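I have placed the structure first, in the form of structure tokens, so that the comments after it can refer back to it.
Note that ligands are numbered from 1 as they come in the structure, with each ligand's atoms numbered from 1 the same way. We're numbering straight along the sequence, starting at 1. This structure is a prediction, so every number in the text was calculated from the model and none was measured.
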Amino acid sequence: MLASLRSIVQEVNSADDLQMALDIIVSRIRDAVNTDVCSVYLHDSAANRYIFMATEGLNKDFTGKISMAVDEGLVGQVALREEPINLHDAESHPNFLFLPGIGEERYSAFLGVPIIHQREVLGVLVVQQKKQRRFDEEEEAFLVTLSAQLAGVIAHAQVTGSIDAMAADDGKPRSARFKGVAGAPGVALGQAVVVSPTADLNAVPRRECKNVEAELKFFHQCLESVRVDIRALSSKLSSKLAPQEQALFDVYLRMLDDNALANEVDERIKQGQWAQGALSKVIRMHVRTFESMEDPYLQERAVDIKDLGRRVLSYLQAAATEKVDYPEQTILIGEELTASMLGEVPPEKLCGLISVLGSGNSHVAILARAMGIPTVMGAVDLPFTQLEGGKVIIDGYNGHVYFNPSEELHNRFQSIYEEEQQFSKELETIKDLPCETTDHHRIPLWVNTGLMADVARSLDRGAEGVGLFRTEVPFLLRERFPSEEEQRKIYRQQLQAFAPMPVTMRTLDIGGDKSLPYFPIQEDNPFLGWRGIRVTLDHPELFLVQVRAMMKANADMNNLRIMFPMISSVPELEEALELLYRAHDELVEELGFELPLPEVGVMIEVPAAVYQTRELAKRVNFLSVGSNDLTQYLLAVDRNNPRVADLYQAYHPAVLHALKSVVDDGHAEGKSVGICGELAGDPGAAVLLIAMGYDILSMNATNLPRVKSVIRSISYQQAKDILAEAMTLDSSRHIMELLDDRLNEAGVKRLLRPVVA
Ligand code: PEP
Ligand code: MG
């Protein structure tokens with residue numbers, strides 16, 4: 001059973017489009033369950049009906065043509081009840097609906113299973129049999145399992161299909177919306193440019209070729225280059241390989257010489273596709289065919305074809321002469337964007353980013369925030385290879401991507417964009433004004449940095465210090481750990497740029513989702529694993545070099561503060577402090593002059609630290625709450641997982657109560673308490689945080705002016721009143737509504753989250 005389940009899912013997964021996926025589903029399931037009929041009905045949300053989409057056993061002429069209302073028939077019942085219906089005689093059921101023509105009347109036994117993806121009923125999977133019998137328990141369980149697994153694939157194929165339909169639609173364009181995770185705030189309207197990693201057959205963007213003859217010639221040149229490579233490889237290894245292994249190269253050469261493969265690619269190029277796209281399509285088709293074969297030897301050939309395809313693709317990519325002509329408003333899209341990919345685009349043309357993988361905390365998102373480029377991450381259902389050249393809108397506040405937007409939608413976002421530009425201009429006027437409430441309660445606004453690029457933006461926006469310098473960012477940009485001297489220079493630049501304002505440097509915080517290419521950490525549960533201070537305490541050589549570099553950089557500046565990430569117990573903090581003091585003493589001895597001992601702080605970002613705030617505070621100079629991690633750990637929601645992104649609620653009452661408790665306990669020990677998670681940069685949350693008593697809010701530079709504007713519009717008393725009310729509410733939704741209402745009443749023009757679509 002499991003083997004057949006796996007092979008069905010695998011085959012469906014590699015289908016090119018929705019119809020192909022559905023056809024595979026019905027034919028494979030009918031065989032696996034050994035029954036007469038298998039059909040799929042899918043929900044059409046525009047018509048609110050279930051469409052008879054695919055069948056094996058009933059009349060195929062009717063697929064896509066007939067449908068039933070959502071409350072009609074057994075299919076409607078299965079969907080409505082969201083559970084299987086298993087009947088030995090379907091016709092005798094009161095909900096049975098006779099659909100003339102499809103040929104159902106001969107079948108008595110009926111088993112319908114809902115297809116549900118992310119709580120939404122996508123459709124119903126039905127098997128039927130002539131004989132009056134109940135499908136047995138095992139068959140029912142098999143279908144339920146399969147349906148649960150296929151739901152995601154169908155949902156993905158559905159959105160992909162809708163893109164195809166739109167491309168063909170020359171009348172009114174419909175828009176498709178894809179959900180991702182907010183990466184960097186802002187709205188962007190532009191044209192898609194898809195970037196793909198080299199030699200990835202699944203990530204080749206769909207493009208047309210301009211000159212068919214030249215493209216054909218180019219393709220054949222690349223084929224020839226691969227032939228030459230393989231012959232060379234074969235003769236180089238001839239003495240080391242057994243004859244049967246050597247034969248593999250002959251297989252490769254025969255595949256290349258076999259005109260069928262090249263002919264198929266040629267045909268597609270002649271139809272107007274570019275060589276890379278044509279090759280990827282043909283190779284993937286053959287791979288699929290081989291993978292679905294029963295014979296293990298033939299199955300293995302899929303690997304060879306894939307390898308060969310990759311080799312040819314590498315040549316096509318390396319030799320591609322066409323330079324990418326970046327449009328004026330480029331929206332860069334990729335499966336996994338990297339910093340170097342961003343670097344390729346002229347900065348004045350880059351207006352938005354979309355990454356299929358990754359999260360709001362990925363390196364590229366941090367970079368995007370620093371550069372103020374609206375970004376959506378984790379858009380896992382985005383059929384990114386098909387978007388090349390299309391119109392795209394990014395809503396970086398909510399993590400939404402709109403492809404091929406209607407005129408109305410475009411205009412709506414265009415006006416949000418213009419409003420934003422206008423708002424930013426207005427905000428420039430308050431750059432040099434203090435961040436204080438109308439009744440003069442002062443709150444310093446600091447910034448989070450990681451790159452030198454952040455410095456100018458931060459200063460430009462009136463930052464009063466750095467609350468979090470993510471030191472792992474320069475580590476991520478290298479191919480090995482930076483040396484002490486390399487680090488000293490980087491830290492020195494930061495300290496100098498902001499002096500005499502304080503700069504808070506966090507010791508290396510790797511692990512979790514931040515892994516260094518040259519120091520990979522493989523774990524099943526990385527966020528609960530070897531992260532932050534746990535790594536550096538286990539590697540004192542890394543820790544000592546880093547804090548030495550920081551203190552050396554601070555020699556004649558004295559604006560350094562050091563803080564430790566992921567502290568979850570007092571002994572851990574004591575160990576880190578001991579190492580820090582040791583490094584300081586050694587440095588003083590080595591250098592022969594007194595070095596300032598920086599202020600030291602602890603990040604409160606683990607629930608255990610919340611309950612030990614006072615114990616921790618006693619041992620340091622300051623506390624800083626990392627609300628990003630604290631939220632994920634309190635709510636048990638992976639901050640990077642788009643599937644549970646809705647549950648990652650920064651305004652959750654539990655989070656707010658924890659934040660209040662930290663600030664109260666920190667103050668009880670007479671220590672300054674700041675916050676440097678993303679929450680501090682949310683203007684609504686900032687109101688709550690100042691009312692709680694936070695001493696410093698540290699955020700990305702992009703959000704700083706908005707936060708300042710909101711704080712300057714209300715009184716401290718108003719903020720306290722809002723907080724008092726918020727603390728009595730029981731859900732994040734109620735708290736956000738309260739904030740919107742109260743700030744509206746207080747005349748705050750708008751919050752960070754503009755109301756979009
Ligand atoms: C946090 O966890 O809130 C934080 C500021 O650190 P990071 O996002 O780098 O984990
Ligand atoms: Mg953190």
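Near Cys676, the atoms of ligand 1 lying under 4.0 angstrom from a non-hydrogen atom of the residue are 5 (C). Listed by atom number, the atoms of ligand 1 under 4.0 Å from Gly626 heavy atoms are 1 (C), 2 (O), 3 (O). Of all atoms in ligand 1, listed by their number and element, those nearer than 4.0 Å to a heavy atom of Arg639 are 2 (O), 7 (P), 8 (O), 10 (O).
For His734 and Tyr651, the gap between ring centers reaches or exceeds 6.0 Å.
On a distance-only criterion, Lys514 and ligand 1 share at least one N/O pair closer than 3.5 Å.
Summarising the local packing, NZ of Lys671 is surrounded by more than 12 heavy atoms from other residues, nucleotides or ligands at distances under 6.0 Å. Environment of CD in Glu541: crowded, with over 12 heavy atoms of neighbouring residues, nucleotides or ligands closer than 6.0 Å. For Tyr611, the OH atom is loosely surrounded, since the number of other residues' heavy atoms within 6.0 Å does not exceed 12. Shown here is Gln522, whose CD atom has no more than 12 heavy atoms of other residues, nucleotides or ligands within 6.0 Å.
Proximity of Arg506 to ligand 1, defined as any heavy-atom pair under 4.0 Å, is confined to the side chain (atoms from C-beta onward). Proximity of Leu468 to ligand 1, defined as any heavy-atom pair under 4.0 Å, is confined to the side chain (atoms from C-beta onward).
Not a single heavy atom of Glu678 sits under 4.0 Å from any atom of ligand 1.
Sorted by first and then second residue, the salt bridge (charged side-chain N to carboxylate O under 4.0 Å, His left out) pairs involving residues 720-731 (not counting sequence neighbours) are Glu725-Arg742. Among residues at least two apart or in separate chains, salt bridge (charged side-chain N to carboxylate O under 4.0 Å, His left out) pairs with a member in residues 614-632 are Arg531-Asp629, Glu574-Arg619, Arg614-Glu669, Glu615-Lys618, Glu615-Arg619, Lys618-Glu669, Asp629-Arg639.
By the criterion of a separation under 2.8 Å, the protein N/O/S atoms near the Mg ion (ligand 2) amount to Glu605 OE1, Asp629 OD2.
Rounding to the nearest 0.5 angstrom, the gap separating the CD1 atom in Ile490 from the CZ atom in Arg478 is 4.0 Å.
Take Thr504 and apply the side-chain contact (heavy atoms from CB on, under 4.5 Å) test, not counting sequence neighbours, and it matches Trp446, Arg561, Met563, Phe622.
Compare Ile675, Thr631, Asp629, Asn628 by their heavy atoms: the one nearest to atom 10 (O) of ligand 1 is in Asp629.
The aromatic rings of Tyr518 and Phe481 stand perpendicular to each other, their planes meeting at an angle above 60°, with 30° marking the opposite boundary.
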